[in-house]
Amino acid sequence: MNKHGIVMNVKLPMKIVQKGRYFVASCPILDVYSQGETNEKAKENLKEALFLFLGSCIERGTLRQVLKDCGFEHIKPHSVPKHRHSRQKYINVPIELLSSKEINNNCHV
């Protein structure tokens with residue numbers, strides 16, 4: 001049985017602040033936090049925490065409801081506003097999904 005996959009890159013807003021000798025990285029919109037001894041380590045730990053959080057939601061079939069509860073809504077691509085001068089920092093989280101269905105079998109969700 002061949003497995004086929006896709007990778008979705010999820011771009012999420014993030015913040016990093018220093019608290020004492022640690023850096024705290026957060027994605028407030030999903031209420032996910034992590035920390036590290038350096039700015040980069042905190043960011044790396046946040047990326048892993050977000051990957052695990054989103055993966056858990058996908059496995060349990062709750063991603064749509066979790067995103068809705070966090071205030072997200074489905075919009076058309078051309079209606080997404082462009083923020084050219086935003087100081088907002090973002091983190092990219094790649095989510096890989098595998099399917100064991102044959103290519104001929106169309107999946108209609």
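Here, residue 1 is the first one in the sequence, and each next residue gets the next number. Worth saying up front: this structure is predicted, and the values here are computed from it rather than measured.
Residue L98 comes nearest to G5 through the heavy atom pair CD2-CA, 3.8 Å, listed as atom of the first residue, atom of the second, then distance. Here the closest heavy-atom approach between residue L12 and residue C27 is recorded as CB-SG, 3.9 Å. The minimum heavy-atom distance linking C57 with V66 is given by the pair SG-CG2, 3.8 Å.
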Begin with the C-alpha distance, continue with both residues' side-chain angles, and end with the deciding distance and a verdict on side chain to side chain contact (heavy atoms under 4.5 Å, CB included) for N9 and K11.
-> CA-CA 6 Å; N9 286 303; K11 183 178 177 181; over 6 Å; no
Working for side chain to side chain contact (heavy atoms under 4.5 Å, CB included), residues F72 and L30 | CA-CA 10 Å; F72 288 94; L30 293 179; 4.0 Å; yes
Verdict with supporting geometry, I16 and K89, side chain to side chain contact (heavy atoms under 4.5 Å, CB included) | CA-CA 9 Å; I16 298 181; K89 293 181 181 181; 5.7 Å; no
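Taking CG of N45 as the start and CG of L50 as the end, the distance is 11.0 Å to the nearest 0.5 Å. In this structure, NZ on K15 lies 10.5 Å from CD1 on I29, to the nearest 0.5 angstrom.
Hydrophobic clustering (ILVMFWY, side-chain heavy atoms < 4.5 Å, transitive): L54 and I6 are in one cluster. In the hydrophobic clustering of ILVMFWY residues, with side-chain heavy atoms under 4.5 Å counting as a link, L52 and L63 come out together. Connection of L67 to Y90 is not established within any shared hydrophobic cluster, with ILVMFWY side chains joined at heavy-atom distances below 4.5 Å, either directly or through further cluster members.
Cluster partners of Y33, by chain and number: V17, V24. The rule joins Ile, Leu, Val, Met, Phe, Trp and Tyr whenever side-chain heavy atoms lie under 4.5 Å apart.
Within the structure, salt bridge (charged side-chain N to carboxylate O under 4.0 Å, His left out) contacts touching residues 46-71 (residues at least two apart or in different chains) do not occur.
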N/O donor-acceptor pairs under 3.5 Å from side chains in residues 35-43, not counting sequence neighbours:
from, atom 1, to, atom 2, distance (Å)
T38, OG1, K41, N, 3.0
K41, NZ, E44, OE2, 3.3

